Every structure is written in structure tokens, then in C-alpha cells.
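Read through the structure below, which is laid out as C-alpha cells, and then see the notes.
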Amino acid sequence: MNKELYDEAIRSNILSRKLIEQLMESMNYSSISFINWTVEVLKIIKTRLERGDKITDEVSGITYDIKSFRNFVSTNFSSYITSQVFDAPDKAEKVYFSLEATEDGHAYNMVMANSSKNKTYKWISSLSERFSLVEMIATGIVYLKDNRTDTYQPFISGNGKYCRYDAEKGQIVEL
């Protein structure tokens, strides 16, 4: 995100208004990059406090210890972020992401999903008891799903190309 603010979190004994605002602003975005940056910066501050650094919040004037910093994080950030910063990795809350294509269609953003129940694939048809054709919702690419092993492989045409499903024609077509 912002290298200058990241460096501030690593070195400075004062958390500037700009850093605090950037951390708070990250709560308005559900992109994994914003969330990961926020978690990383908060973990750095937590680690510095654990080793005994005195770090003061320029906005509130509070000089944090671990307890007051945890209170700051749990009050101002989601339970997911709080758990990522303070809980052991195996106890940390999970969050799920979905893929959304960028406007140009050349990249995909990972965006926090509203639910763990969001679908990744859409069923097209069953080829047999063992195999089904499915479409990855975000990309439109057709996959062959092995129902026995619950694994997916892209459906590749005889010409070696990825395919998509054209629902209007009822055909699988090369990209």
C-alpha cells in the first residue's frame, strides 16, 4: 500500500494521524490487499509493543501497551482483523474471498465474500456419475469436475484452448 506509512509502523514511536487514517480507511474496502496490509501493519505494532517499545497514537494521545492496543484494534477493526493480529494462527477467524474481474478483464480482485456459502462454480451438466462440467463463475472458464475426488481441471479443447459455456447456444466454445 504505502511504503512510507509501513516504514513508520516499523520505526516510529509516534503513530501519525496519516497512518491511523489509512488503517481506518482500509475498513471501507473489502479487497484482500487492503486487509492484508492492515493486518501486517497492526502485527508489526503489536510485536514492537511486546518487545517493550513505547508507541503513542498521535490522534488519541494514548501511549499503548498490549492491552490498550488490543482494545484499540478490537474497537476499530473487524473481528477477522483482530483475530489475525492477536490469535494463534490455528485459532484465527477465517474469511472467504470471491474473485471479481477488473474492468479490462485482464486481472481479478479478491474481494471479501459476504458468506462462506458463496459459490465458486456453477453446474453445467453431468457427463457421468463421476464427472460433471462446471463453470467458474468469476472467469467463465469451463472445468471438468471429478465428483469422486472433488477436484477440478480446466476443460481444454482439442486445439489446446480453454473453453467457456455459451448458455444461449448450449455449446462449449473455445476462448
Side-chain angles (χ1 to χ4, degrees), residues 1-122 134-141 143 145 149-154 162 175:
M1 299 270 93
N2 185 322
K3 182 166 175 25
E4 177 187 327
L5 295 177
Y6 182 82
D7 289 343
E8 177 184 321
I10 291 172
R11 292 180 181 81
S12 180
N13 291 332
I14 304 288
L15 302 179
S16 70
R17 177 175 299 279
K18 188 174 178 182
L19 175 60
I20 298 298
E21 287 173 355
Q22 181 71 43
L23 287 167
M24 299 298 199
E25 186 178 323
S26 72
M27 290 305 297
N28 296 326
Y29 304 105
S30 58
S31 170
I32 193 169
S33 60
F34 285 102
I35 293 168
N36 285 345
W37 184 84
T38 301
V39 168
E40 189 172 345
V41 168
L42 293 171
K43 279 183 173 181
I44 288 167
I45 296 167
K46 179 188 112 186
T47 300
R48 291 185 60 209
L49 291 169
E50 288 173 336
R51 75 176 185 204
D53 290 10
K54 301 291 181 206
I55 302 173
T56 303
D57 180 332
E58 182 180 66
V59 175
S60 67
I62 296 172
T63 299
Y64 290 117
D65 59 20
I66 286 295
K67 185 177 179 182
S68 60
F69 184 66
R70 183 179 185 115
N71 186 47
F72 165 76
V73 173
S74 64
T75 301
N76 294 291
F77 298 92
S78 69
S79 62
Y80 170 75
I81 289 176
T82 301
S83 76
Q84 295 302 306
V85 174
F86 289 100
D87 294 345
D90 61 327
K91 303 284 188 215
E93 186 177 315
K94 286 190 177 187
V95 69
Y96 297 92
F97 292 84
S98 58
L99 296 172
E100 288 184 3
T102 57
E103 286 185 27
D104 64 8
H106 295 303
Y108 294 87
N109 292 320
M110 293 180 64
V111 179
M112 191 175 354
N114 298 335
S115 161
S116 63
K117 307 289 186 223
N118 284 8
K119 295 181 94 175
T120 304
Y121 294 96
K122 179 171 59 174
V134 296
E135 174 185 13
M136 181 179 266
I137 295 168
T139 64
I141 303 287
Y143 285 79
K145 177 183 179 186
T149 61
D150 201 28
T151 57
Y152 300 81
Q153 294 180 17
Y162 289 95
L175 288 177

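Small disclaimer: the values here were computed from a predicted structure and weren't measured.
Between the side chain of D53 and the backbone N or O of I55 there is no donor-acceptor pair closer than 3.5 Å. In this structure, the side chain of E58 does not engage the main chain of I14 through any donor-acceptor pair within 3.5 Å.
Residues F69 and D57 have side chains not in contact (no heavy-atom distance under 4.5 Å, counting atoms from C-beta outward).
Screening I10, L19, V85 for a side chain to side chain contact (heavy atoms under 4.5 Å, CB included) involving V41 leaves a single residue, L19.
The heavy-atom pair separating A107 from D104 by the smallest distance is N-OD1, 4.0 Å. In terms of heavy atoms, I44 sits closest to A9 at CG2-O, 3.6 Å. When all heavy atoms of R48 and E8 are compared, the closest pair comes out as NH1-O, 4.2 Å. For the residue pair F77 and M24, the shortest heavy atom distance occurs at CZ-SD, 4.1 Å. Minimum interatomic distance between K18 and E4 (heavy atoms only, all atoms of both residues): NZ-OE2, 4.1 Å. In this structure, W37 and L23 approach most closely via the heavy-atom pair CZ3-CD2, 3.7 Å.
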Before you tell me yes or no, could you show the steps for I141 and L175 under side-chain contact (heavy atoms from CB on, under 4.5 Å), namely the whole-Å CA-CA distance, both residues' side-chain angles and the distance that decides it to 0.1 Å? CA-CA 9 Å; I141 303 287; L175 288 177; 3.1 Å; yes
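The CD atom of E135 sits 11.5 Å away from the OH atom of Y121 when rounded to the nearest 0.5 Å. Atom OG of S74 is separated from atom CD1 of I81 by 12.0 Å, given to the nearest 0.5 angstrom. Here NZ of K122 is found 6.5 Å from CD1 of I137. Values are rounded to the nearest 0.5 Å. To the nearest 0.5 Å, atoms CZ (F34) and CD (Q22) are separated by 7.0 Å. Note that NZ of K54 and CG of N13 are 10.5 Å apart. Values are rounded to the nearest 0.5 Å. Rounding to the nearest 0.5 Å places NZ of K46 at 6.5 Å from CZ of F86.
In this model, no donor atom of one side chain and acceptor atom of the other lie less than 3.5 Å apart for N71 and S68.
Annotation: Y162, atom OH; neighbour count of heavy atoms from other residues, nucleotides and ligands within 6.0 Å does not exceed 12.
Using cut-offs of 30° and 60° for the angle between ring planes, the Y64 and F72 rings count as tilted.
The pair D150-K145 counts as a salt bridge, with a side-chain nitrogen and a carboxylate oxygen less than 4.0 angstrom apart.
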